[in-house]
Amino acid sequence: MSDPDLQAQAEAGDPEAMLSLALQLEGELDGYGDNPDTEQRIENLLRGAAEHGLPRALAELGSFLWLVREDDEESVTWLLQAADAGQADAMNLLGDIHDYREEPDAAIVWYTKAAELGDEEAALSLAALLDT
């Protein structure tokens, strides 16, 4: 169950609270597809926080749209904003997306940027891609 104070702050438009509540709700899910109302609430909260420009929220919304909604175009838009704000995990996911699309040159660029910021997953993905 989510914290009532956190819910009140999120409902009042506090972007940090919106992000925190979205992440808390995500953590309570057993998986996606079983609870569409909660998924929609998570998306709405992430959008609200992202629209305030919170870098972490930009990355989380992009990830949610890619992994849950399977919305290629919109997810990349948010992930690019997060990457511009220095979010290494967004850069890593952009690398994954380009790798999935079989665009290795673009994947290498994003994996390299993320790895340079210390993202270990990106470093491993980069090494694997360069070995192929």
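Cluster annotation: Leu25 and Leu19 are assigned to the same hydrophobic cluster (Ile/Leu/Val/Met/Phe/Trp/Tyr, side-chain heavy-atom contacts under 4.5 Å, transitive). In the hydrophobic cluster analysis, where Ile, Leu, Val, Met, Phe, Trp and Tyr join through side-chain heavy atoms closer than 4.5 angstrom, Leu124 is grouped apart from Leu94. Taken together through direct or relayed side-chain contacts under 4.5 Å among Ile, Leu, Val, Met, Phe, Trp and Tyr, Leu126 and Val109 form parts of separate hydrophobic clusters. Residues Leu6 and Ile42 share a hydrophobic cluster, clusters being chains of Ile/Leu/Val/Met/Phe/Trp/Tyr side chains in contact below 4.5 Å.
Around the CD atom of Gln40, the shell of radius 6.0 Å holds more than 12 heavy atoms that belong to other residues, nucleotides or ligands.
When side chains are defined from C-beta on, Arg47 counts as touching Glu43, because their heavy atoms get closer than 4.5 Å. In this structure, the side chains of Leu58 and Leu54 stay at 4.5 Å or more apart for every pair of heavy atoms. In this structure, the side chains of Gln7 and Asp3 stay at 4.5 Å or more apart for every pair of heavy atoms. With a 4.5 Å cut-off on side-chain heavy atoms, Glu39 and Arg69 count as touching.
For the residue pair Glu70 and Trp66, no side-chain donor N or O sits within less than 3.5 Å of a side-chain acceptor on the partner. Side-chain contact annotation: Tyr111 with Asp96, donor-acceptor N/O pair under 3.5 Å present.
Each of Leu65, Leu67, Leu61 was evaluated against Ser63; a single residue qualifies, Leu67, per the side chain to side chain contact (heavy atoms under 4.5 Å, CB included) test.
Listed here is the closest heavy atom pair of Ala17 and Gln9: CB-CB, 3.5 Å. What you find for Ala83 and Trp110 is that their closest heavy atoms are CB-CZ3, 3.5 Å. The two residues Gly95 and Ala107 have their closest heavy-atom pair at O-CB, 3.4 Å.
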